[in-house]
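Within every chain, numbering begins at 1; the chains are lettered A, B, ... in the order of the sequence lines, protein sequences first and strands thereafter.
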Amino acid sequence: LAKTTQPISMDSYEGQEVNITCSHNNIATNDYITWYQQFPSQGPRFIIQGYKTKVTNEVASLFIPADRKSSTLSLPRVSLSDTAVYYCLVYSGAGSYQLTFGKGTKLSVIP
Amino acid sequence: GAGVSQSPRYKVAKRGQDVALRCDPISGHVSLFWYQQALGQGPEFLTYFQNEAQLDKSGLPSDRFFAERPEGSVSTLKIQRTQQEDSAVYLCASTGLGNYEQYFGPGTRLTVT
């Protein structure tokens, strides 16, 4: 499984756009990039998944360059409720479909 | 419909006691996963079921850990002779067949004293 590297923590003011970049240099051809969000005392929650270029949903956008060795999760106009840990994962979709989490990025949104 | 539920939400056990943690997945979800999350860390995979079959148990840390899903719905994670290093949050997740998005429960926080 490809290892991911992302910043340990980030701070942002309310209303700003937040970009969290993740590197996954050893990503395989069949791997997808997946992001999960986790609030304190809750289980992780799926945010977005992509293979290449750009994916957008009602919560976030995911940008993946052509070489797929990194990806950027973009959260538009964050609010205090976006304070959470964000995990970047490489998902192979093969075998047991287990998710391999790193330590994630703790995002703190400041009023 | 209801999401994944886990019980109990909190469990305190004395070292050496056995514990059983329950997971009720989303109805109809074929796949079920157990993860262990230590404080300040990301969740770590323990085991995976497809229906009642345990297809992967490579993440179970020792033979004191045992999981079952006898009827392909509710699952129980059992830890025998608990140790202090077993203190963690135990998360359960489920997903439909062929679906990549895992739905997590709130977890059970186990504290071994």
Side-chain angles (χ1 to χ4, degrees), chain A residues 1-9 20 22 24 27-28 30-51 55 57-60 62 64 71 73 84-108, chain B residues 3-10 21 23-26 29-51 53-60 67 69 88-111:
Chain A
L1 293 171
K3 181 180 176 180
T4 61
T5 303
Q6 55 184 121
I8 292 175
S9 65
I20 306 174
C22 175
H24 26 78
I27 191 168
N30 295 328
D31 290 343
Y32 288 76
I33 297 120
T34 303
W35 286 79
Y36 278 75
Q37 174 192 54
Q38 186 175 27
F39 298 112
S41 300
Q42 294 186 26
R45 184 182 71 149
F46 172 86
I47 300 176
I48 197 166
Q49 175 165 302
Y51 183 80
V55 180
N57 62 23
E58 65 278 5
V59 176
L62 179 60
I64 306 168
S71 59
L73 176 72
V85 178
Y86 292 82
Y87 295 98
C88 167
L89 300 88
V90 170
Y91 174 70
S92 69
S96 71
Y97 308 98
Q98 62 173 275
L99 299 176
T100 301
F101 291 83
K103 292 188 176 181
T105 297
K106 181 172 172 55
L107 172 66
S108 298
Chain B
V4 178
S5 61
Q6 295 186 244
S7 60
R9 288 295 314 277
Y10 303 92
L21 312 180
C23 171
D24 285 80
I26 292 173
H29 276 190
V30 170
S31 300
L32 185 146
F33 303 80
W34 284 98
Y35 294 85
Q36 179 191 59
Q37 186 171 24
L39 190 64
Q41 306 294 316
E44 291 193 0
F45 170 79
L46 293 177
T47 186
Y48 160 67
F49 290 86
Q50 185 168 317
N51 296 309
Q54 189 175 21
L55 299 185
D56 187 345
K57 54 182 181 179
S58 61
L60 296 176
R69 194 186 185 198
V89 174
Y90 290 85
L91 294 160
C92 175
S94 70
T95 188
L97 188 64
N99 192 344
Y100 51 79
E101 179 179 345
Q102 293 189 16
Y103 295 83
F104 283 81
T108 294
R109 181 177 296 278
L110 172 65
T111 303

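When every heavy atom of A:Y87 is checked against every heavy atom of B:Q41, the shortest pair comes out as OH-O, 3.7 Å. Minimum heavy-atom separation, B:L91 to A:G43: CD2-CA, 3.8 Å. Of all non-hydrogen atoms in A:S41 and B:R9, the two that sit nearest each other are O-NH2, 3.5 Å. Closest approach of B:Y35 and A:L99 over heavy atoms only: OH-N, 3.1 Å. Listed here is the closest heavy atom pair of A:Y36 and B:Q102: OH-N, 3.0 Å.
Interface summary for chain A: among B:R109, B:Q6, B:E101, B:Q37, the most heavy-atom pairs under 4.5 angstrom belong to B:E101.
Neither the backbone nor the side chain of B:E44 comes within contact range of chain A, judged by heavy atoms closer than 4.5 Å.
At least one side-chain heavy atom of B:Y100 sits under 4.5 Å from a side-chain heavy atom of A:F46.
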